[in-house]
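Have a look at the structure below before the remarks.
By convention here, the first residue in the shown sequence is residue 1. None of these values were measured; they are calculated from a predicted model.
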Amino acid sequence: MSSDAIQPVLRITGVNHTFGSGETAARVLVDINLVVLPGEVVIMGGPSGCGKTTLLTLIGGLRKLQQGQIEIWDADAGMHRQLLGLGEADLVRVRRLIGFIFQRHNLFDSLTAMQNIRMAQRLKPPTENPVEDARRMLRYLLLGETNIQSEPQLPKFDYKPAGLSGGQRQRVAVARALVNRPKLVLADEPTAALDANSALATITLLRRLATEVPDAELEQLVRRPEARADEEGLAAWQLPFLRDLARETGTTSLIVTHDNKIMNRADRIVQMDKGRIVSNVVVAERRFVLEALRANVAFAAIMPEEQQHVADGILMGLNPKLPLPPEQVRDGLIYKDQVCVGEVHAPGSIVIRQGDGVNDRSKAYIIRRGEVEVWRQEGDDEPRMIRVMGPQAVFGHVALLKDAPRNATVRARTDLELYGIDRKTFNDYMRVSRPFLTEIEAHLGWVKTI
């Protein structure tokens, strides 16, 4: 892994921002804290006027930072660029690290589509064939010789913005922002003016620049041959362009949008309200935890909204495929926003011990990373190992549900990272779901669970 791959691309700490002064001052951003890692596609949502666009312009160095710090990773320099107090010349250097997609495209009216993109290319060292790079990007975004139904069409390479529709201008703006393969993309409503096919092409391109997308997943997006022009999908001829980006991953995108069509394609969803970040959910992590709960007979009994409530209370804010940053771990406990959400254990350590009673500090667990051994002793017999459990396994819930002593010993087999579900969560959950749990216990019992 390259040195910049482990560094946050974007780190925001304690940012506050005010419009106006004195009695007319209006606080538009309040204590914003956010860390975005390489290759994440982050969608920022929230009601109009909540501060999303203001935050985007501060990150992009388009507005002066008043308080707090914004750091952007400069891979070439091997360091973070801190925006607070930067002069205009240094801000220009920072902007060159970023690809901007504006809601109002901001194309040069006197230049053609190709010329707008070629101007952006001049900000970076030239590639082997920059003209063809620009043409391929425009073709992929349906501005070339072939339309979404694989039929010939008049290319728009030499059209000026006045001769293009709103959606076509926006696609040129997307091409201009991405042609240099920036490591950070800031996008303000990039798909608002786009039809479903162009929006899908745009978000798929952003995801493909972020990380590897398996061929099987790309092929699922291909349109049926008989599909109408307005049916969402990619044309088969668009896939080679995406596959050719194999060595160009690591782009991070921060997208302000109200477009529900692209929400489920994000890695992280950040919600803002009244100038504050009110939720910050890593989609893959939420899915990981929900799948663990739904595979467990006890948690599968509760309604989906209750499952999500339980899951969201223990999320760590990081894809489960990634190791935890050291700053989130203190004295064997895992924290998110100063709240304990889990535990770490070394190989051989005891997580729970058979026969121990439960109290208000007792927890159930979901394995994030690592494996455990489950040991049980029957009567005077020697303890025996009854199973090994790995990621997404749930354990420790039976004692909390039955208010009974632990029925097995669980020992860390490897380095272990655990999500912790506390007793209060269980008490709240049982009040809602007791009839379901009673029915399950009557028919299945808890013999095979821990």
- Expected output: side-chain Thr191 to main-chain Leu194 donor-acceptor under 3.5 Å: no
- Smallest heavy-atom separation, Thr414 atom then Pro347 atom, equals C-CG, 3.6 Å
- Item | Under 3.5 Å donor-acceptor, Asp267 side chain and Val41 backbone | yes
- Item | Test item: Asp195 side-chain N/O and Ser198 main-chain N/O as donor-acceptor pair under 3.5 Å | yes
- Scanning both residues in full, the closest heavy-atom pair of Phe102 with Leu62 reads CE2-CD1, 3.8 Å
- Message: If I compare all heavy atoms of Ala412 with all of His345, which pair ends up nearest, and what's the gap?
- Response: CB-CB, 4.2 Å
- side chain to side chain contact (heavy atoms under 4.5 Å, CB included) with Pro155: which residues, sequence neighbours excluded? Glu145, Phe157
- Can you tell me if Thr252 uses its side chain to pair, donor with acceptor, with the backbone of Leu37 under 3.5 Å? yes
- Interatomic distance, CZ@Phe100 vs OG1@Thr57, rounded to 0.5 Å, equals 9.5 Å
- Message: Looking at Phe108, I want to see if its CZ is surrounded by more than 12 non-hydrogen atoms of other residues, nucleotides or ligands under 6.0 Å.
- Response: no
- Separation of Asn33 CG from Arg11 CZ (nearest 0.5 Å): 11.5 Å
- Item | His309 NE2 to Thr425 OG1 distance, which is reported to the nearest 0.5 Å | 6.5 Å
- Message: Quick test of your reading of the model: are Asp74 and Arg93 salt-bridged, counting only N-O distances below 4.0 Å?
- Response: no
- Message: Using the rule side-chain contact (heavy atoms from CB on, under 4.5 Å), only one of Ile59, Thr13, Val15, Val270 pairs with Leu34; which is it?
- Response: Val270
- Message: As a test of understanding, state which of Leu234, Ile262, Leu209 forms a side-chain contact (heavy atoms from CB on, under 4.5 Å) with Thr204.
- Response: Leu234
- Item | Flag side-chain contact, heavy atom, 4.5 Å: Thr112 against Lys160 | yes
- Over all heavy atoms of both residues, which pair between Ala120 and Asn180 is shortest? Give the atoms and the distance, please. O-ND2, 2.9 Å
- In plain terms, say whether Arg276 and Asp31 are close enough for a salt bridge, that is, a side-chain N and a carboxylate O under 4.0 Å apart. no
- Task: Could you tell me which non-hydrogen atom of Ile70 sits nearest to which non-hydrogen atom of Leu10, and how far apart they are?
- Result: CG2-CD1, 3.9 Å
- Message: Between Arg169 (side chain only) and Leu164 (backbone N and O only), is there a donor and an acceptor less than 3.5 Å apart?
- Response: yes
- Quick one: is the NZ or CZ of Arg330 closer than 6.0 Å to the six-membered ring centre of Tyr335, and within 45° of its axis? yes
- Item | Inter- and intrachain pairs under ring pair (Phe, Tyr, Trp, His ring centres under 6.0 Å), touching residues 37-61, at least two apart | none
- Nearest heavy-atom pair of Ala229 and Ile148: which atoms, and what distance? O-CG2, 4.0 Å
- Task: Evaluate the criterion side-chain contact (heavy atoms from CB on, under 4.5 Å) for residue pair Leu200 and Gln238; output intermediate values, then yes/no.
- Result: CA-CA 12 Å; Leu200 178 62; Gln238 290 175 296; over 6 Å; no
- Message: Closer than 3.5 angstrom, by distance alone: can the side chain of Arg208 be matched with the main-chain N or O of Leu242 as a donor-acceptor pair?
- Response: yes
- Task: Please answer whether the main-chain N or O of Leu142 pairs with a side-chain N or O of Arg171 as donor and acceptor at a distance below 3.5 Å.
- Result: yes
- Would you check if the side chain of Lys52 reaches a backbone N or O of Pro47 as a donor-acceptor pair within less than 3.5 Å? yes
- Query: Checking salt bridge (Lys or Arg N to Asp or Glu O under 4.0 Å) for the pair Arg369/Glu285: CA distance, chi angles, key distance, verdict?
  - Reply: CA-CA 12 Å; Arg369 291 162 68 89; Glu285 184 185 32; over 6 Å; no
- Start with the C-alpha gap between Glu343 and Ser349, add the side-chain angles, then the distance that decides, and say whether side-chain contact (heavy atoms from CB on, under 4.5 Å) holds. CA-CA 12 Å; Glu343 301 174 7; Ser349 60; over 6 Å; no
- Message: Measuring only between side-chain heavy atoms, which start at C-beta, is Asp415 closer than 4.5 Å to Val344?
- Response: no
- Task: Find the distance between CD (Gln69) and CD1 (Ile12) and round it off to the nearest 0.5 Å.
- Result: 10.5 Å
- Message: With rounding to the nearest 0.5 angstrom, report the CG to CD distance, Leu218 to Glu212.
- Response: 9.5 Å
- Query: What distance separates Met44 CE from Leu56 CG, expressed to the nearest 0.5 Å?
  - Reply: 7.0 Å
- Query: Would Arg95 and Glu88 pass as an ion pair if we require N to O under 4.0 Å?
  - Reply: yes
- Task: Take Phe395 and Val351 through the side-chain contact (heavy atoms from CB on, under 4.5 Å) test and state the conclusion after the steps.
- Result: CA-CA 10 Å; Phe395 66 89; Val351 182; 4.0 Å; yes
- Task: Given side-chain hydrogen bond (donor to acceptor under 3.5 Å, both in side chains), test Gln121 with Arg118 step by step and report yes or no.
- Result: CA-CA 5 Å; Gln121 287 177 312; Arg118 295 287 289 118; 2.8 Å; yes
- Message: Is the shortest side-chain heavy-atom distance between Gln115 and Met119 below 4.5 Å?
- Response: no
- Query: Is there side-chain contact between Glu40 and Val9, with heavy atoms separated by less than 4.5 Å?
  - Reply: no
- Item | Within-4.5 Å side-chain heavy-atom neighbours: Pro161 and Val172 | no
- Item | Close side-chain approach of Phe288 and Val282, heavy atoms under 4.5 Å | no
- Message: So Ile366 and Leu293, do their side chains get closer than 4.5 Å, heavy atoms only?
- Response: yes
- Task: May I have all residue pairs that pass salt bridge (charged side-chain N to carboxylate O under 4.0 Å, His left out) and include part of residues 221-238, sequence neighbours excluded?
- Result: Arg224-Glu226, Arg224-Glu231, Arg228-Asp230, Arg228-Glu231
- Passes side-chain contact (heavy atoms from CB on, under 4.5 Å), Tyr159 versus Leu143? Steps please. CA-CA 10 Å; Tyr159 279 58; Leu143 291 167; over 6 Å; no
- Message: I want to check something: taking the side chain as every heavy atom from C-beta on, are Trp73 and Leu184 in contact at a cut-off of under 4.5 Å?
- Response: no
- Message: Main chain of Lys321, side chain of Asn319: is a donor-acceptor contact present, judged purely on distance under 3.5 Å?
- Response: yes
- Give a yes or no answer on whether the side chain of Glu217 reaches the backbone of Pro214 with a donor-acceptor pair at less than 3.5 Å. no
